[in-house]
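Each remark here refers to the structure printed beneath this line.
We number each residue from 1, following the sequence as shown.
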Amino acid sequence: MKVLSSFELLRIWEEETDHSLIQKTIRLLSEAFEEDAKTIAHLSIGQRDARMLQLREWMFGSRLRHITNCPQCKDTIEWETNTSDLKFQSITPEPAVDTYTLDKDGYTIRFRLPDSYDMAKAIADPAYHTDQKKLIADCILEKRLGSANLETHELPGEIWNALDEEMERKDPQADIQMNILCPSCSHQWSAGFDIVAFLWAEIKNWAHRVMQDVYLLAHSFGWSEKDILNMSARRRQLYIQMLTT
């Protein structure tokens, strides 16, 4: 892994602006963890998101600020968490596509976990929106009842449920839920936390701030963009404070 410089991060943000969140994330992790894009894309969603959470910590620190609106009274709610509160699985040092086996009621199911390719396909194909089993079915590598091979449609509902639960257990980082309590009306609900969307929103805001800093310093001192971006964030802010005080 390497720590991305301001120049590298700004370049990635600019070049990936028009791409999907999944494509952006594969590019970002590929450069930060020095792995080829195909390897990153084949990471399970939990392994991918564990890396995104770690990258967020390295880039912006461990404190995360959240904001939402209560679905009942519509009041704005703000709270903070720590990255350590959201880490539910460790990062595997050598990325690999692992396979697992579910044995239940005489059925044997060999499967892998969903990856970014699966998610991209599920987002693009409306058939996945109406058939919740389709994504799981794509990850089944072998299915048997005793010694007899089965077709996907022959699997009973309890096996589908067990397989879904086993995938969640094997990849806990893939679906992070936050329990939220509204301080105004005491309404409670659960909401998913998506580190991919969260971090890219932060990167976008960071990029706009940095570009403003570059403009101000370049205009005031005549320095090049590269020289300004190669400065530490603290040094840039010290120069800006000198200009504004």
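The backbone N or O of Glu151 lies less than 3.5 Å from a partner atom in the side chain of Glu154, making a donor-acceptor pair. For the pair Asn230 (side chain) and Asp227 (backbone), a donor-acceptor distance under 3.5 Å is absent. With hydrogens and angles ignored, the 3.5 Å screen pairs no side-chain donor or acceptor of Glu16 with any backbone N or O of Arg27. Here the side chain of Asp131 pairs a donor or acceptor atom with the backbone of Lys133 at under 3.5 angstrom. The backbone N or O of Ala127 lies less than 3.5 Å from a partner atom in the side chain of Thr130, making a donor-acceptor pair. Remark: the backbone N or O of Glu35 is not paired with any side-chain donor or acceptor of Thr39 at under 3.5 angstrom. With Gln72 contributing its side chain and Cys182 its backbone, the two residues share no donor-acceptor pair below 3.5 Å.
With salt bridges taken as basic N to acidic carboxylate O contacts below 4.0 Å, none links Arg11 and Glu14. A salt bridge links Arg63 with Glu80; the closest basic N to acidic carboxylate O contact falls under 4.0 Å. Here Asp171 does not pair with Arg112 in a salt bridge; the nearest charged N to carboxylate O distance is not below 4.0 Å. Here Glu166 does not pair with Lys104 in a salt bridge; the nearest charged N to carboxylate O distance is not below 4.0 Å. Between Glu165 and Arg169 there is no salt bridge, since no side-chain N of the basic residue sits under 4.0 Å from a carboxylate O of the acidic one. Look at Lys87 and Glu57 and you find a salt bridge, because one of the NZ, NE, NH1 or NH2 atoms lies within 4.0 Å of a carboxylate O, short of that distance.
Inter-residue side-chain proximity for Leu216 and Tyr239 is flagged as unmet; no heavy-atom pair is nearer than 4.5 Å. The shortest side-chain heavy-atom distance between Ile77 and Asn69 does not fall under the 4.5 Å cut-off. Using a 4.5 Å heavy-atom cutoff, the side chains of Ile109 and Thr101 are not in contact. Phe198 has its side chain out of reach of Met52: every pair of non-hydrogen atoms, C-beta onward, lies at least 4.5 Å apart. At least one side-chain heavy atom of Ile140 sits less than 4.5 Å from a side-chain heavy atom of Leu163. Side-chain contact between Leu9 and Val210 is absent, with no heavy-atom pair separated by less than 4.5 Å. Residues Leu53 and Leu86 have side chains in contact (heavy-atom distance under 4.5 Å, counting atoms from C-beta outward).
In summary, the side chains of Arg48 and Ser116 do present a donor paired with an acceptor at a separation below 3.5 Å, with no hydrogens or angles considered. Of the N and O atoms on the side chains of Gln177 and Asp175, at least one donor lies less than 3.5 Å from an acceptor on the other residue. There is no side-chain donor-acceptor pair under 3.5 Å between Asp115 and Ser44.
Applying the salt bridge (charged side-chain N to carboxylate O under 4.0 Å, His left out) test to every pair with at least one member in residues 136-149, sequence neighbours left out, gives these pairs: Arg110-Glu142, Lys121-Asp138, Glu142-Arg144. Annotation: salt bridge (charged side-chain N to carboxylate O under 4.0 Å, His left out) contacts involving residues 192-204, sequence neighbours excluded, comprise Arg56-Glu202.
Criterion: ILVMFWY side-chain heavy atoms under 4.5 Å apart, direct or through other members. Under it, Leu113 and Ile26 are not part of a common hydrophobic cluster. Side-chain heavy atoms closer than 4.5 Å link hydrophobic residues (I, L, V, M, F, W, Y) into clusters, and following such links, possibly through other members, connects Ile22 to Ile203.
The aromatic ring centroids of His208 and Trp206 lie 6.0 Å or more from each other.
Atom OH of Tyr215 is surrounded by 12 or fewer heavy atoms from other residues, nucleotides or ligands within 6.0 Å. Around atom CE of Met59, more than 12 heavy atoms belonging to other residues, nucleotides or ligands sit under 6.0 Å away. The neighbour count for His219 NE2, taken as heavy atoms of other residues, nucleotides or ligands under 6.0 Å away, does not exceed 12.
Summarising the geometry of Thr81 relative to Met178, their closest heavy-atom pair is CG2-CE, 4.1 Å, with the distance given to 0.1 Å. The two residues Ser6 and Arg236 make their nearest non-hydrogen contact at OG-NH2, 3.7 Å. Of all heavy-atom pairs spanning Cys70 and Trp189, the tightest one is CA-CH2, 3.7 Å. The two atoms that bring Leu155 and Tyr107 nearest to each other are CD2-CD2, 4.2 Å, heavy atoms only.
Residues that satisfy the ring-ring contact (aromatic ring centres under 6.0 Å, His included) test with Trp200, not counting sequence neighbours, are absent from this structure.
For the atom pair Thr152 OG1 and Lys134 NZ, the distance stands at 9.5 Å (nearest 0.5 Å).
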Run the ring pair (Phe, Tyr, Trp, His ring centres under 6.0 Å) check on Trp79 and Phe193 step by step: do they pass? CA-CA 13 Å; Trp79 74 100; Phe193 171 71; 9.3 Å; no
Applying salt bridge (Lys or Arg N to Asp or Glu O under 4.0 Å) to Arg65 and Glu78, what does each step give before you reach the verdict? CA-CA 7 Å; Arg65 182 172 175 269; Glu78 298 182 34; 2.3 Å; yes
